[in-house]
Amino acid sequence: MVRKIRPLTAVFIILFLVGIPRGWADFYIWTDENGIRHYSNISPPDRGGITQMAESLPNLLPGTRFKVVRVFDGDTIEARGSGLTFKVRLVGIDSPEKGRKGQKGQPFALKAKQTLAKLVSGRQIRLKQYGTGGYNRLLAEVFADARNINLEMLKSGLAEVYGGKMPKGLNADAYQRAQTQAKAKRLGIWSLGKHYKSPRQWRKENPWK
């Protein structure tokens with residue numbers, strides 16, 4: 001069963017829940033079989049008894065706290081808090097790609113995922129959002145215990161600076177400095193030397209099937 005809500009009404013409901021927006025992203029409101037309502041940029045599970053509505057969700061308030069419930073790889077997580085669930089892409093970085101559908105992954109892909117999980121597991125995080133990226137993911141800097149986790153991944157040599165256009169307002173110089181330091185120490189991916197291949201290049205050569 002799908003329930004329709006007038007767009008203007010939906011906007012007021014959302015503003016009441018999470019505050020005045022700085023940007024927008026697709027989202028879902030759905031109710032599970034236990035009658036619990038969820039708000040998410042992740043498609044609801046395909047089960048009976050779920051009401052789904054696609055609308056728009058504003059950016060999160062800077063002070064909102066979240067718990068990481070899943071780490072997908074070295075630059076993507078799922079965070080939950082205050083009845084909200086979001087898939088988040090760590091902005092400004094690109095970590096080694098895992099293998100998909102039988103494909104072999106890049107070196108250090110598993111290490112990157114494990115390191116990110118260690119940095120955020122059991123901690124409350126804050127998100128500084130920079131809009132929405134591919135696959136409807138929030139682009140954000142992730143902060144845990146006052147540490148910028150995006151920068152920590154660069155410093156550990158388990159991610160490189162994102163090769164595409166950086167969002168407005170992001171301190172790209174800090175990201176480049178962190179990468180330069182990791183390269184100088186030959187940490188993580190930089191220990192591969194001439195055999196290193198950027199995640200961006202790897203994706204071009206190994207498209208998803």
Side-chain angles (χ1 to χ4, degrees), residues 23 25 40-42 59-60 66-81 85-101 103-183 187-192 196-208:
S40 174
N41 67 344
I42 303 170
N59 284 342
L60 308 174
F66 288 89
K67 179 181 179 181
V68 175
V69 295
R70 184 176 179 185
V71 176
F72 293 93
D73 51 34
D75 56 33
T76 309
I77 62 174
E78 184 176 321
R80 184 178 301 160
T85 303
F86 294 95
K87 194 171 183 179
V88 180
R89 175 66 159 78
L90 276 64
V91 70
I93 71 172
D94 208 357
S95 70
E97 293 286 346
K98 299 189 305 178
R100 295 175 182 272
K101 297 182 178 180
Q103 293 178 332
K104 185 178 179 180
Q106 287 188 274
F108 290 98
L110 179 58
K111 180 66 174 179
K113 177 181 177 180
Q114 292 172 338
T115 298
L116 179 56
K118 185 176 180 180
L119 287 168
V120 298
S121 293
R123 296 176 173 84
Q124 289 212 330
I125 65 167
R126 293 181 296 106
L127 303 175
K128 183 176 180 181
Q129 191 184 340
Y130 292 86
T132 308
Y135 308 101
N136 199 37
R137 297 174 297 186
L138 300 185
L139 299 176
E141 287 184 299
V142 176
F143 294 88
D145 299 333
R147 300 167 72 189
N148 184 322
I149 301 304
N150 304 41
L151 288 178
E152 293 299 321
M153 292 299 293
L154 290 173
K155 291 176 182 178
S156 66
L158 294 172
E160 68 170 30
V161 174
Y162 180 64
K165 184 178 179 180
M166 289 290 201
K168 184 178 179 180
L170 184 71
N171 185 357
D173 289 342
Y175 281 62
Q176 288 292 345
R177 286 196 299 270
Q179 176 172 287
T180 298
Q181 292 170 6
K183 289 182 73 172
L187 298 176
I189 57 178
W190 308 116
S191 67
L192 297 173
Y196 173 67
K197 186 174 294 184
S198 74
R200 194 174 192 181
Q201 181 61 34
W202 190 90
R203 288 191 293 268
K204 288 181 180 180
E205 297 176 1
N206 299 273
W208 296 353

Original post:
Does a sphere of radius 6.0 Å around NZ in K98 hold more than 12 heavy atoms from other residues, nucleotides or ligands, not counting ones at 6.0 Å or beyond?
Top reply: yes

Original post:
Are more than 12 heavy atoms from other residues, nucleotides or ligands located less than 6.0 Å from atom CZ of R123?
Top reply: yes

Taking atom [atom1] of [X] and atom [atom2] of [Y], what is their separation to the nearest 0.5 Å?
{"X": "I189", "Y": "L154", "atom1": "CD1", "atom2": "CG", "result": "8.5 Å"}
{"X": "K204", "Y": "S198", "atom1": "NZ", "atom2": "OG", "result": "8.0 Å"}
{"X": "L119", "Y": "S156", "atom1": "CG", "atom2": "OG", "result": "7.5 Å"}
{"X": "R70", "Y": "S121", "atom1": "CZ", "atom2": "OG", "result": "13.5 Å"}
{"X": "E78", "Y": "F66", "atom1": "CD", "atom2": "CZ", "result": "11.5 Å"}
{"X": "I149", "Y": "R126", "atom1": "CD1", "atom2": "CZ", "result": "10.5 Å"}

Indicate the atoms forming the closest heavy-atom contact of [X] with [Y], along with that distance.
{"X": "P96", "Y": "P107", "value": "CB-O, 3.5 Å"}
{"X": "D73", "Y": "S95", "value": "OD1-OG, 4.5 Å"}
{"X": "G188", "Y": "L158", "value": "CA-CD2, 4.3 Å"}
{"X": "V71", "Y": "K113", "value": "O-CE, 3.2 Å"}

Using a 4.5 Å cut-off on heavy atoms from C-beta on, say whether the side chain of [Y] contacts that of [X].
{"X": "N148", "Y": "F143", "answer": "yes"}
{"X": "L116", "Y": "V142", "answer": "no"}
{"X": "D75", "Y": "M153", "answer": "no"}
{"X": "I77", "Y": "I125", "answer": "yes"}
{"X": "P167", "Y": "L139", "answer": "no"}
{"X": "Y175", "Y": "L151", "answer": "yes"}
{"X": "Y135", "Y": "K87", "answer": "no"}

Original post:
Any Lys/Arg nitrogen of R89 or D94 sitting under 4.0 Å from an Asp/Glu carboxylate oxygen of the other?
Top reply: yes

Original post:
Are the side chain of R137 and the backbone of G134 linked by a donor-acceptor contact shorter than 3.5 Å?
Top reply: yes

Subject >> Exam field: side chain Q106 to backbone E97, donor-acceptor pair closer than 3.5 Å >> reply: yes

Original post:
Parallel, tilted or perpendicular for W190 and Y196, by the 30°/60° rule?
Top reply: tilted

**OP:** Could you give me the CA-CA distance, side-chain angles and deciding distance for V161 and M166, then say whether side-chain contact (heavy atoms from CB on, under 4.5 Å) is met?
**Re:** CA-CA 10 Å; V161 174; M166 289 290 201; 3.3 Å; yes

Original post:
Can you check side-chain contact (heavy atoms from CB on, under 4.5 Å) on F108 and L192, steps first, answer last?
Top reply: CA-CA 10 Å; F108 290 98; L192 297 173; 4.0 Å; yes

Original post:
Just checking, is any N or O donor in the side chain of E141 or N150 under 3.5 Å from an acceptor N or O on the other one?
Top reply: no

